[in-house]
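Okay, structure first, notes after.
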Amino acid sequence: MSLLLFVFDSILLLTLLGLATAAVLSPEPRNAVMLFIAFGLWLSLVWARLGAPDVALAEAAIGAGIGGALMLAAARRSARRDNRRDNRRDNRRDNRRDVSCQDAQ
Amino acid sequence: MNMSAVFLGLALLLLVTMAAGLLRIIIGPSPADRMMAAQLLGTSGIGVLVLLSSALDMPALIDVGLIFALLAAVSVTAFTRRRIDQDPS
Amino acid sequence: MTAAFLYGAAGLLLFALGLWSLLVHEPLLRKLIAFNIMGSGVFHLFIAVAHRSDGSSPDPVPHALVLTGIVVAVSATALALALNSRLEEADAKASSSKTTPSGAPEPNTTARTGLPKPSSNGANRLRWPSR
Amino acid sequence: MNRDLSLLIGILVSLLALLLIWIFYTTLAADPGPRLAPLALEQLPNSGVSHPVTAVLLNYRAYDTLLELAVLLAAILGIWSLGPAPSGFQPAGPALTVLANWIVPLAIITGGYLLWVGGHAPGGAFQAGALLGSAGVILRLAGHERAGLPNEAAQRWLVVAGVGLFLLVGLLLAVFGAGFLTYPKASAKWLILLIETAATIAIGSTLAAAYVGGRPPLAQSTSAASKDLGA
């Protein structure tokens with residue numbers, strides 16, 4: 001039983017730390033937020049394992065509900081803005097290239 | 001061999017499969033892949049919670065699973081919805 | 001003892017990871033995720049200290065503190081995201097008045113002068129890198 | 001941020017983590033001092049509830065919970081002061097409408113269950129409030145512009161309900177009873193339930209309003225008129 005619990009603990013904690021690292025290192029906003037939502041799920045498993053069902057309930061209600069939705073909205077906004085900005089920058093670069101071509105001619 | 005050890009072993013098995021599903025969230029090429037993987041993990045998470053509630057003798061963990069089941073749709077809805085002034089893309 | 005140490009040490013590692021990301025990464029959303037992970041590390045430590053491996057019921061005081069902490073953290077996150085979206089709006093307004101219609105050869109020098117400098121400066125720092 | 005600097009910060013932070021883990025290890029290995037847990041469990045029969053975490057939250061450390069509700073109020077006031085809410089979502093299709101019609105009542109019932117069960121088992125105002133807030137999120141995602149909340153004036157009352165009732169009970173007890181938030185033993189259960197109900201409503205509406213992300217949008221018919229007035 002105690003060995004089983006130890007294996008359970010170590011797998012839970014290793015994946016938790018791996019998830020947190022991936023969430024922190026992910027440069028794309030939406031991916032980072034989805035990793036963060038999964039991190040919240042893992043966290044409530046940890047609270048359940050440590051005998052804190054109150055905290056697990058709160059984490060489940062907040063992590064799966066309102067927290068994830070808030071962050072997803074923000075991530076989508078920033079992804080859209082990045083797209084717009086990239087388009088704009090591409091346009092600008094094209095213009096500049098046109099100008100330099102004209103200069104060369 | 002008592003029952004709670006069996007339940008704990010089953011929870012461990014589910015946790016290992018969840019860890020495998022985690023790979024899809026981390027490498028999954030498109031955001032939709034990641035979202036689906038997160039939903040799948042939520043479902044297995046409910047299983048782990050129910051098994052843990054028997055193994056550790058904490059009936060309240062079933063309530064946690066209930067809340068997960070209830071709110072599973074929220075994040076996937078938030079993922080797909082568009083605002084009024086926003087073109088569907 | 002072992003379980004409490006394992007989970008507490010993992011909480012401290014989470015705290016350090018969040019702190020590092022908070023200091024290193026510039027976009028506000030990433031900073032917020034890092035901040036939340038940092039907070040989770042602290043909660044981890046609290047719950048691990050409350051845990052008893054001998055099967056007796058855990059200490060309720062840290063549980064109550066973590067419970068309030070979780071709700072406060074999500075409300076602070078909501079406030080920060082609302083502030084961020086206002087900043088982005090102001091930024092978008094500024095940059096839309098800054099960019100000249102496509103085809104103008106030098107958009108940078110022509111229109112920037114009329115703009116209040118600090119706002120565009122501050123807004124730039126909150127952008128997500130496009131890479 | 002350049003690479004060397006972030007590496008340097010990484011090294012410093014990992015040194016900090018090692019130091020903290022070492023301190024944690026020595027603290028755990030040392031003889032544990034007196035804890036609050038035995039005291040909390042011993043006083044449980046006098047607290048009016050039989051679940052220790054709820055007793056800590058609403059009886060022993062009621063100040064914490066009161067101030068925590070005040071923090072939530074401050075956060076929503078900050079969000080509202082930033083201006084009107086962004087536009088709502090497109091009207092829901094049939095599948096999402098049915099989903100919302102099922103999930104929202106279920107979430108409200110589950111919230112009521114968690115609130116009631118909090119007296120003797122895990123659950124309570126925070127969990128129930130978070131669940132109600134999530135129900136508001138679903139409503140907003142399904143196209144309801146104000147996330148199921150009433151108009152602005154009523155929302156202000158809902159948001160201050162938790163702190164207001166808490167303070168009112170505390171002050172009444174200070175004047176007529178044993179002291180600020182010191183419940184008499186006979187009525188402790190009902191006073192705690194009353195405060196928890198108000199706190200649940202306040203937390204739920206605050207979280208839903210925080211998801212809306214700005215001052216509540218006016219009802220459709222009046223918004224055009226008020227825009228005219230503003231102009």
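Residue numbering restarts at 1 for every chain, and letters A, B, ... go by the order of the sequence lines.
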Practice problem: Determine yes or no for a side-chain-to-main-chain donor-acceptor pair under 3.5 angstrom, with C:Arg30 supplying the side chain and A:Val24 the backbone. | Solution: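 Yes, because the side chain of C:Arg30 sits within donor-acceptor range (under 3.5 Å) of the backbone of A:Val24.
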
Exercise. Using atom types as modelled and distance alone, determine if a side-chain donor or acceptor of C:His63 lies under 3.5 Å from a backbone N or O of A:Ala52.
Key: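 Absent.
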
Self-check item: Toward chain A, the part of C:Ser85 with a non-hydrogen atom under 4.5 Å
Solution: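 For C:Ser85, the contact with chain A is made by backbone and side chain together.
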
Side chain, backbone, both or neither: which part of [X] has a heavy atom under 4.5 Å from chain C?
X       : answer
A:Leu50 : both
A:Ser10 : neither
A:Ala75 : both

Self-check item: Flag if over 12 foreign heavy atoms under 6.0 Å of CZ, C:Phe46
Solution: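 Result for CZ/C:Phe46: open.
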
Between [X] and [Y], what is the shortest heavy-atom contact and its length?
X       : Y       : value
A:Asp9  : C:Leu6  : CB-CD1, 4.2 Å
C:Pro58 : A:Gly51 : CG-O, 3.4 Å
A:Leu70 : C:Ala78 : CD1-CB, 3.7 Å
C:His44 : A:Trp47 : N-CH2, 3.6 Å
A:Ala20 : C:Ile37 : O-CD1, 4.0 Å

Quiz item: When only pairs under 4.5 Å are counted, which of A:Leu17, A:Leu35, A:Ile66, A:Leu57 shares the most heavy-atom pairs with chain C?
Solution: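 Of the candidates given, the most pairs with chain C belong to A:Leu17.
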
Practice problem: Go through the steps to decide whether A:Arg77 and C:Leu29 satisfy the test side chain to side chain contact (heavy atoms under 4.5 Å, CB included), and finish with yes or no. | Solution: CA-CA 11 Å; A:Arg77 234 179 7 240; C:Leu29 190 57; over 6 Å; no

Kindly compute the distance separating [atom1] ([X]) from [atom2] ([Y]), expressed to the nearest 0.5 Å.
X       : Y       : atom1 : atom2 : answer
A:Phe36 : C:Leu32 : CZ    : CG    : 9.0 Å
C:Ile70 : A:Glu59 : CD1   : CD    : 4.5 Å
C:Thr2  : A:Phe6  : OG1   : CZ    : 8.0 Å
A:Leu25 : C:Trp20 : CG    : CH2   : 5.5 Å
A:Trp42 : C:Ser40 : CH2   : OG    : 15.0 Å
C:Leu14 : A:Leu43 : CG    : CG    : 7.5 Å

Practice problem: Determine, stepwise, if the pair C:Phe43 / A:Val55 fulfils side chain to side chain contact (heavy atoms under 4.5 Å, CB included). | Solution: CA-CA 10 Å; C:Phe43 298 156; A:Val55 186; over 6 Å; no

